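Note that the structure is predicted; figures quoted are calculated from it, not measured. Just so you know, ligand 1 is whichever comes first in the structure, and atom 1 is the first atom listed for that ligand. For the numbers below, each heavy atom of this structure counts, side chains included, while hydrogens, waters and symmetry mates do not.
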Amino acid sequence: MISRKMSYLAKNGSAIRAMFEEGKEMAAKFGKENVYDFSLGNPNTPAPEIIRETAIRLLNESDPVFLHGYMSNVGYENVRDSIAADLNRRFGTAYDRKHLIMTVGAAGAMNVALKTVLDAGDEVVIQAPYFGEYNNYISNFEGVPVVISPREEDFSLNLSEMEQKIGPKTKALILNSPNNPTGVIYPEKDIIALADLLRQKQNQYGHAIYLISDEPYREIVFGDYEVPHLPDYYENTFVGYSYSKSLSLPGERIGYLLISPKMEDLDETVGAAAVANRILGFVNAPSLFQQVVACCADQTSDMGVYIRNREILYRELTAYGYQIVEPKGAFYMFPKCPIPDDKAFCQAAKKYRILIVPGSTFMGPGYFRLAFCVSEKTVLDSLEGFRLLAHEYGMN
Ligand code: PLP
């Protein structure tokens with residue numbers, strides 16, 4: 001008999017993944033071009049050509065024992081040097097290899113950070129709506145998620161509720177900006193207020209409260225918005241980063257965990273995170289793609305398609321009557337459903353061969369998430385369906 005916990009999780013699996021599978025079935029039935037699949041954050045824009053060239057060059061020119069071998073659990077030294085230099089150039093920081101652990105994507109980074117800091121029963125505060133996998137990551141280490149209710153007018157940080165809910169058992173707070181599923185970027189003034197609150201709570205309870213910043217969308221920003229670099233604002237900060245979205249490499253599983261140089265007990269924390277990376281079974285991040293991203297740390301995929309898709313969808317959907325907080329980053333929007341039952345609404349959308357994910361998957365019931373990392377043609381072809389769906393619910 002398998003574990004009760006896994007049995008439960010397998011039966012209540014990811015709604016996003018289920019929808020992704022359903023999308024494939026619908027594509028087989030109706031033709032791929034007639035299904036408008038906005039379910040998964042799988043970038044449609046290809047990785048820049050330099051990624052392929054670099055991978056081929058490395059395969060042709062490197063010593064295979066070096067390129068495919070084990071290395072230190074935290075990753076190759078030259079890779080961490082190169083990423084530290086890139087971060088220092090961009091953020092005026094003074095990181096070195098010691099502050100970086102190469103990880104299996106942002107998911108790996110988040111699991112390593114949580115394993116490093118959590119004891120059973122410790123609480124992790126999260127602003128809703130949020131990426132539902134955090135619940136699983138926290139439960140991997142017997143932590144307890146503490147959900148902060150959304151501020152629906154703009155999905156900004158609900159600092160007054162955080163003030164009430166951060167207590168003696170709080171060990172960490174997860175922040176994700178630009179945000180999945182809302183596209184919100186938390187502005188500097190809110191980050192300063194949050195850092196002050198966390199410092200005050202650390203003093204009150206006499207132990208560290210870690211800020212774990214999940215930043216796979218840091219490079220995907222529309223317009224002139226700044227994404228504050230959180231270690232500049234708060235000492236006990238981990239940053240989980242990933243090349244899945246910025247370089248369209250989600251299948252390659254490559255990212256890093258950055259540990260603030262001002263972290264309490266820095267050496268012990270870095271050492272523990274390295275062990276966490278090993279014993280979670282990752283051992284180390286994929287070797288070839290560590291070397292690839294080290295050569296391309298300052299590159300990104302072409303974001304043009306996301307900019308256009310966002311513009312078209314925001315303009316047209318609001319015209320059809322959908323209420324949407326305009327996304328500032330990432331490639332998601334989180335419109336309000338015209339009925340409270342978001343699952344029923346997403347079910348109804350399938351009639352128009354539109355696949356969208358219920359907000360309750362993100363602890364944001366009454367909304368739906370639209371991942372617009374699809375082709376512009378998919379967006380344009382889907383519009384009539386969105387219009388008819390809105391009409392069906394009396395929105396226009
Ligand atoms: N965090 C957030 C907010 C995400 O949206 C995702 C993936 O969609 C991840 C983490 C996982 O990223 P990765 O594929 O790099 O592990």
Side-chain angles (χ1 to χ4, degrees), residues 14-20 37-45 47 51 75 83 100-115 124 126-138 140 145 147 150 155 172-186 211-221 227 230 238-258 276-277 280-282 284-286 289-290 292-293 300-301 306 327-334 356-357 359 361-364 369-374:
S14 160
I16 305 175
R17 286 275 160 185
M19 200 150 287
F20 180 61
D37 187 351
F38 296 97
S39 62
L40 196 65
N42 202 6
N44 173 274
T45 188
I51 295 289
I83 293 172
L100 286 163
I101 298 181
M102 301 308 295
T103 60
V104 175
M110 295 302 285
N111 274 279
V112 167
L114 289 164
K115 185 166 181 66
V124 181
I126 327 172
Q127 173 66 65
Y130 62 85
F131 180 52
E133 288 288 83
Y134 294 154
N135 288 345
N136 294 324
Y137 300 167
I138 293 166
N140 283 343
V147 180
F155 295 123
L173 183 143
I174 295 178
L175 211 66
N176 169 223
S177 174
N179 184 265
N180 174 9
T182 60
V184 159
I185 295 172
Y186 303 122
L211 178 59
I212 306 179
S213 180
D214 183 21
E215 301 188 7
Y217 303 100
R218 187 175 62 207
E219 264 63 75
I220 309 177
V221 173
V227 182
L230 297 195
F238 293 89
V239 177
Y241 184 76
S242 158
Y243 297 92
S244 298
K245 318 289 173 166
S246 61
L247 283 172
S248 306
L249 296 173
E252 300 298 349
R253 314 304 306 131
I254 186 73
Y256 61 75
L257 182 69
L258 169 68
N277 206 29
L280 281 168
F282 301 131
N284 56 251
F289 268 79
Q290 283 194 46
V292 171
V293 297
T300 61
S301 302
Y306 306 142
K328 297 193 167 94
F331 40 53
Y332 306 105
M333 55 181 79
F334 203 57
I356 44 180
V357 184
T361 308
F362 304 91
M363 281 25 84
R369 188 194 74 171
L370 214 158
F372 55 82
C373 46
V374 297

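Closest non-hydrogen pair, M363 versus P150, comes out as O-CG, 4.4 Å. Y186 and F155 get closest at one heavy-atom pair: CE2-O, 3.6 Å. Closest non-hydrogen pair, L247 versus T300, comes out as CD2-CA, 3.8 Å.
Within the structure, ligand 1 has K245 among the residues with a heavy atom less than 4.0 angstrom away. Judged by the shortest distance from any of its heavy atoms, M110 lies outside the 4.0 Å radius around the atoms of ligand 1. In this structure, Y243 has no heavy atom closer than 4.0 Å to ligand 1. For Y130, the closest heavy-atom approach to ligand 1 does not fall below 4.0 Å. Heavy-atom separations between G41 and ligand 1 are all 4.0 Å or longer.
The distance criterion of under 3.5 Å between nitrogen or oxygen atoms is not met by P216 with respect to ligand 1. At under 3.5 Å, not a single nitrogen or oxygen of V104, backbone or side chain, sits near a nitrogen or oxygen of ligand 1. Considering backbone and side-chain N/O of S244, one or more are found under 3.5 Å from N/O of ligand 1. Distances between N or O atoms of D214 and those of ligand 1 include at least one value under 3.5 Å.
Looking from atom 14 (O) of ligand 1 to the surrounding protein, the closest heavy atom is R253 NH1, 2.9 Å. From the protein, the heavy atom lying nearest to atom 12 (O) of ligand 1 is A106 CB, 3.7 Å. Of all protein heavy atoms, the one lying nearest to atom 6 (C) of ligand 1 is F131 CZ, 3.5 Å. Shortest contact from atom 11 (C) of ligand 1 to any protein heavy atom: A107 N, 3.9 Å. Remark: minimum distance from atom 4 (C) of ligand 1 to any protein heavy atom is reached at Y217 OH, 3.5 Å.
Close contacts between ligand 1 and N176 involve ligand atoms 3 (C) [criterion: under 4.0 Å to a heavy atom]. Those atoms of ligand 1 with a heavy atom of N180 less than 4.0 angstrom away are 3 (C), 4 (C), 5 (O). Residue-ligand proximity, Y134 to ligand 1, at heavy-atom distances under 4.0 Å covers atoms 3 (C). Near G105, meaning under 4.0 Å from any of its heavy atoms, are these atoms of ligand 1: 15 (O), 16 (O).
Between the N176 side chain and the D214 main chain, a donor and an acceptor come within less than 3.5 Å of each other.
Between the CE atom in M110 and the CD1 atom in I212 there is a gap of 5.5 Å [rounded to 0.5 Å]. The distance from atom CG of L257 to atom CD1 of I101, rounded to the nearest 0.5 Å, is 5.5 Å. A distance of 12.5 Å separates CZ of R253 from CZ of F289, quoted to the nearest 0.5 Å. Taking CG of L249 as the reference point, atom OG of S301 lies at 7.0 Å (rounded to 0.5 Å).
Relative ring orientation between Y130 and Y134 is described as parallel, the plane-to-plane angle staying below 30° on a 0-90° scale split at 30° and 60°.
Side-chain contact check for Y332 and N179: no donor-acceptor pair (N or O, by modelled atom type) lies under 3.5 Å.
By the 4.5 Å heavy-atom criterion applied to side chains, L258 and Y241 are not counted as neighbours.
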